[in-house]
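Numbers here simply count residues along the sequence, with the first being 1. No experiment lies behind these values; they were computed from the predicted model shown.
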Amino acid sequence: MDYHAIQKNKGNQLPSMLQKAQAQLNSSIDRCRQKESGGINQGRGKRKRVSISDHRSRNTSKMNEPDASSNTLHQVERILAGQKPSKKKQNQMKPKSVQHQNKKDGVGYKNKQSQNGGGNNSKKKNKRKKAGNAAKKSERIVCIAEETLIPLIEKTRVLAKNGVDLVDLPKDQINNLPDVPYKVTKNAVVVICSAEASDGAVAEIRTELSPRQRRMAGNDNAHDGSFQYLGFDTETRPKFQKGGANNPPALIQLATQTTAYLFRLSHQGHTTAVMTDSLRDLLADEGIVKVGIGVHGDVNELNRVYDGCCGDGTSYLDLGPLARLRWPKIQRVGLRNLTATILRFKLSKAQQMKNWEGRLTPAMEAYAAADALVALDLLTAIIG
């Protein structure tokens with residue numbers, strides 16, 4: 001039944017249509033009455049008499065539902081009142097063969113395909129998304145130190161072939177490890193909030209990393225003599241609403257073998273003067289490799305906010321792939337799992353979702369320092 005055809009010939013066709021609909025409705029009512037009066041069911045070849053009351057109780061829901069005739073009459077009444085039928089009702093008023101084809105094509109239905117512009121378009125979008133994700137994975141930034149470290153790791157793995165291969169420590173065993181702040185194994189945590197303090201901290205870091213100072217202190221962590229290494233991490237104020245850009249990094253953690261330096265980039269919503277030229281030079285220095293877990297995501301955010309302060313990212317080393325190379329059975333390469341599995345030390349994540357642009361509590365300082373300090377100890381363990 002086409003709406004526009006009805007409107008065009010409303011004067012001649014509507015009475016006949018109403019009569020036809022009324023006749024169909026009367027026929028349906030007569031069929032229901034005949035079923036009630038007959039009360040006959042078939043089962044296993046036998047005929048069984050059923051009372052009208054039992055028949056009604058079992059078919060109440062079916063009798064209460066409007067059939068196609070009553071739907072047709074209702075739509076015609078809407079047309080007479082000057083109301084246009086809904087798209088779904090228009091489709092139901094068409095022949096069943098047309099309805100089936102329309103349902104396959106998503107016509108008149110609020111399904112996912114119609115909302116997304118059709119199934120073919122959504123499939124193409126998914127393919128493009130998967131291709132983009134694969135391209136991002138293939139474009140992993142390779143650290144300049146990997147060429148030197150990977151042979152050392154492979155040699156260590158061969159020498160330890162007869163030893164016990166590490167596997168992921170179960171989570172219940174991780175929770176039972178001693179809950180001791182990681183910074184107790186180190187000397188100090190320094191919080192930097194001004195440009196002057198930032199320049200002073202960078203100078204101290206470079207002094208401690210100098211070859212002469214490392215030999216005097218007995219903390220030679222270069223492993224191959226070509227690079228110096230710093231523990232690295234960042235903290236960002238969490239965002240609890242969907243959409244929009246991420247909050248900028250609020251804290252940079254850089255750690256030597258003895259000290260963790262916390263550079264406060266943002267405080268109470270305001271950018272500080274901590275990102276000095278000397279700090280930029282340290283972050284982009286290719287002779288000093290910054291070590292951590294998932295570091296390149298942090299590097300991208302810092303480069304976005306501070307105009308490429310970390311350079312091309314090749315001086316940043318992700319420990320996850322190296323840990324899997326050293327111990328192939330390790331699957332979970334998060335910082336907490338690696339610390340527990342390799343170092344047998346519990347790393348608390350209770351402060352992770354705190355406001356890092358607000359006041360830093362002692363617990364937050366210890367948490368931030370541990371994330372950077374533990375990276376150097378993990379590197380030493382992986383190299384063997």
Side-chain angles (χ1 to χ4, degrees), residues 129-160 166 168 205-206 209 211 220-236 246 249 252-257 279-339 341-342 371-384:
K129 187 176 181 180
K130 290 180 180 178
N133 293 336
K136 289 180 180 178
K137 290 182 180 179
S138 63
E139 295 174 358
R140 184 181 74 88
I141 299 176
V142 178
C143 178
I144 54 178
E146 287 187 16
E147 185 178 356
T148 303
L149 294 177
I150 288 177
L152 294 176
I153 296 173
E154 291 177 342
K155 181 179 179 181
T156 303
R157 186 179 61 186
V158 171
L159 293 175
L166 288 180
D168 292 310
I205 291 172
R206 288 191 177 277
L209 293 180
D220 191 352
N221 69 339
H223 302 292
D224 62 334
S226 302
F227 304 100
Q228 291 84 44
Y229 295 87
L230 280 177
F232 170 82
D233 196 19
T234 67
E235 300 296 340
T236 302
N246 294 329
I252 295 178
Q253 302 105 279
L254 296 176
T256 65
Q257 287 289 345
L279 180 57
R280 288 175 180 269
D281 293 340
L282 179 65
L283 294 175
D285 193 336
E286 294 183 354
I288 300 176
V289 177
K290 279 68 70 175
V291 180
I293 296 293
V295 292
H296 292 108
D298 298 334
V299 169
N300 291 337
E301 284 299 305
L302 286 172
N303 281 340
R304 178 181 66 85
V305 178
Y306 294 99
D307 300 326
C309 63
C310 298
D312 59 4
T314 56
S315 64
Y316 290 81
L317 179 64
D318 190 351
L319 292 176
L322 297 185
R324 281 180 173 164
L325 178 64
R326 175 67 175 82
W327 297 286
K329 293 184 179 180
I330 290 181
Q331 299 297 321
R332 305 195 307 270
V333 291
L335 189 61
R336 186 173 187 264
N337 182 68
L338 290 181
T339 303
T341 301
I342 299 173
D371 281 0
L373 290 167
V374 74
L376 294 178
D377 293 340
L378 285 173
L379 177 62
T380 301
I382 291 171
I383 299 299

> Nearest 0.5 Å, what's the CZ-CG distance between Phe232 and Leu254?
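The CG atom of Leu254 is 7.0 Å from CZ of Phe232, to the nearest 0.5 Å.
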
> Side chains of Thr236 and Glu301, heavy atoms from C-beta outward: is any pair under 4.5 Å?
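Counting from C-beta outward, Thr236 and Glu301 never come under 4.5 Å.
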
> Is Lys290 reaching over with its side chain to a backbone N or O of Leu282, donor-acceptor style, under 3.5 angstrom?
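Yes, the answer is positive, given that a donor and an acceptor are paired below the 3.5 Å cut-off.
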
> Could you tell me which non-hydrogen atom of Ile141 sits nearest to which non-hydrogen atom of Gly313, and how far apart they are?
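Where Ile141 meets Gly313 most closely, the heavy atoms are CG2-O, 3.6 Å.
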
> Any side-chain to backbone donor/acceptor pair from Asp285 onto Asp281? Under 3.5 Å, distance only.
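It does not hold such a pair.
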
> Is there a donor-acceptor contact under 3.5 Å from the side chain of Thr156 to the main chain of Ile383?
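Yes; judged by distance alone, with no hydrogens or angles, the pair exists.
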
> Hey, what do you get for CG (Leu209) to CG (Leu230), rounding to the nearest 0.5 Å?
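Going from the CG atom of Leu209 to the CG atom of Leu230 covers 5.0 Å.
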
> List the atom of Gln253, the atom of Glu235, and the distance in Å for their closest heavy-atom pair.
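Smallest interatomic distance, heavy atoms only, reads NE2-OE2, 3.2 Å.
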
> Using atom types as modelled and distance alone, determine if a side-chain donor or acceptor of Tyr316 lies under 3.5 Å from a backbone N or O of Leu283.
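Checking the backbone N and O of Leu283 against the side chain of Tyr316, a donor-acceptor pair under 3.5 Å is found.
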
> Tell me whether Asp371 contacts the main-chain N or O of Asp233 through its side chain, where contact means a donor paired with an acceptor under 3.5 Å.
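Judged by distance alone, no pair lies under 3.5 Å.
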
> Can you tell me how far the CZ atom of Arg326 sits from the CD1 atom of Ile150, to the nearest 0.5 Å?
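Reported value, rounded in 0.5 Å steps: 14.5 Å.
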
> Side chains of Thr234 and Leu302, heavy atoms from C-beta outward: is any pair under 4.5 Å?
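Yes. Closest side-chain heavy atoms under 4.5 Å.
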
> Taking all non-hydrogen atoms of both residues, which atom of Gln257 and which atom of Asp377 are closest, and how far apart?
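Heavy atoms only, the tightest pair is OE1-OD1, 4.2 Å.
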
> Does Asn303 reach the main-chain N or O of Cys309 with its side chain, forming a donor-acceptor pair under 3.5 Å?
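Looks like yes, one N/O pair under 3.5 Å.
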
> Ile342 and Trp327: side chain to side chain contact (heavy atoms under 4.5 Å, CB included), yes or no, with the steps?
CA-CA 10 Å; Ile342 299 173; Trp327 297 286; 3.5 Å; yes

> Please find the pair of heavy atoms, one from Ser315 and one from Cys143, that lie closest to each other, and give the distance.
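Closest heavy-atom pair between Ser315 and Cys143: C-SG, 4.3 Å.
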
> Can you confirm whether Pro249 sits close enough to Asp298 that some side-chain heavy atom of one is under 4.5 Å from a side-chain heavy atom of the other?
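A side-chain contact is absent here, since even the closest heavy-atom pair is not under 4.5 Å.
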
> Nearest heavy-atom pair of Pro321 and Asp318: which atoms, and what distance?
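Minimum heavy-atom contact is CD-O, 3.5 Å.
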
> Rounded at 0.5 Å granularity, tell me how far CG in Asp168 sits from CG in Asn337.
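Answer for the CG-CG pair, Asp168 versus Asn337, is 4.5 Å.
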
> Measure across Ile293 and Val333 and return the closest heavy-atom pair with its distance rounded to 0.1 Å.
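In terms of heavy atoms, the two residues are closest at CG2-O, 3.5 Å.
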
> Any chance you could measure Leu317, atom CG, to Ile144, atom CD1, to the nearest 0.5 Å?
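Reported to 0.5 Å precision, the distance equals 10.0 Å.
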
> Considering only heavy atoms from C-beta outward, does the side chain of Ile330 approach that of Leu338 to under 4.5 Å?
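A side-chain contact exists here, since the closest heavy-atom pair is under 4.5 Å.
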
> To the nearest 0.5 Å, tell me how far Leu335 CG sits from Thr339 OG1.
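Result: 4.0 Å between the selected atoms.
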
